[in-house]
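Keep in mind that this is a model prediction, so the values were computed, not measured. Computed from heavy atoms alone, side chains included, the values below leave out hydrogens, waters and symmetry copies.
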Amino acid sequence: QVQLVESGGGLVRAGESLRLSCAASGRLFSSYGVSWFRQAPGKEREYVAGVDFSGRWTGYADSVKGRFTISRNGAESTVYLEMNNLKPEDTGVYYCAATRYSKGSRDLTDFGSWGQGTQVTVSS
């Protein structure tokens, strides 16, 4: 019922920045929690950041704390991930996901809607 499309990925050098966007459609999206996950080749998909339905509660993986910022724009039905001071270990496919738990979650099994992902590659 909720459809998500990520954009904004690309190739950057270490220390540079990117902003990822997650465009959502679906009448119930405003009540969903939204998180970003990422997956590098040979690794499990991991939690990156999340935001609750209101946009006021946010959470971050320790690896990105202080460098990434998640936000949502209700009027535009879009969730953003500002990524600053990127590191090679940030490389991976980034996925936007929505959960019916309005307060959000870090458990990927709680997310019923996923985008197709956008590739982020950070060179040394």
inquiry  = Let me confirm one number: the OG1-CZ distance from T58 to R72, rounded to the nearest 0.5 Å.
reply    = 12.0 Å

query = For D110, which residues count as a side-chain contact (heavy atoms from CB on, under 4.5 Å) partner, sequence neighbours excluded?
reply = T99, Y101, S105, D107

remark   = So CG of N73 and SG of C22: to nearest 0.5 Å the spacing works out to 12.5 Å

query = Can you name the closest pair of heavy atoms from L18 and L86 and give their distance?
reply = N-CD1, 3.9 Å

query = If every non-hydrogen atom of A98 is compared with every non-hydrogen atom of Y32, which pair is closest and at what distance?
reply = CB-CD2, 3.6 Å

task = Nearest 0.5 Å please: distance from the CG atom of D52 over to the OG atom of S31.
result = 11.5 Å

Closest non-hydrogen atom pair between Y47 and G59, with its separation = OH-O, 3.0 Å

query = Roughly how far apart are Q116 CD and S7 OG, rounded to 0.5 Å?
reply = 13.5 Å

key: Over all atoms of both residues, closest heavy-atom pair of Y60 and I70   = OH-N, 2.9 Å

request  = For the pair V34 and L4, evaluate side-chain contact (heavy atoms from CB on, under 4.5 Å) and give the outcome as yes or no after the intermediate values.
outcome  = CA-CA 10 Å; V34 178; L4 307 171; 5.8 Å; no

query = Applying side-chain hydrogen bond (donor to acceptor under 3.5 Å, both in side chains), which residue pairs with at least one partner in residues 81-94 are found, sequence neighbours left out?
reply = S17-N84, R38-D90, R38-Y94, R67-D90

query = Would V93 end up clustered with V120 when hydrophobic side chains under 4.5 Å apart are linked, directly or stepwise?
reply = no

key: Single-linkage hydrophobic cluster, 4.5 Å side-chain cutoff, V51 and F111 together   = no

ask   = Checking side-chain contact (heavy atoms from CB on, under 4.5 Å) for the pair L20/E6: CA distance, chi angles, key distance, verdict?
value = CA-CA 7 Å; L20 305 183; E6 304 95 335; over 6 Å; no

Listed partners of R45 passing side-chain contact (heavy atoms from CB on, under 4.5 Å), at least two apart = F37, Q39, Y95, L108, W114

inquiry  = To check you understand the geometry: which heavy-atom pair defines the closest contact between S124 and P88, and what is its length?
reply    = OG-CG, 3.7 Å

request  = Grab the two heavy atoms, one from V2 and one from S113, that are nearest each other, plus how far apart they are.
outcome  = O-OG, 3.3 Å

inquiry  = Could you check whether atom CZ of R100 has more than 12 heavy atoms from other residues, nucleotides or ligands sitting under 6.0 Å from it?
reply    = no

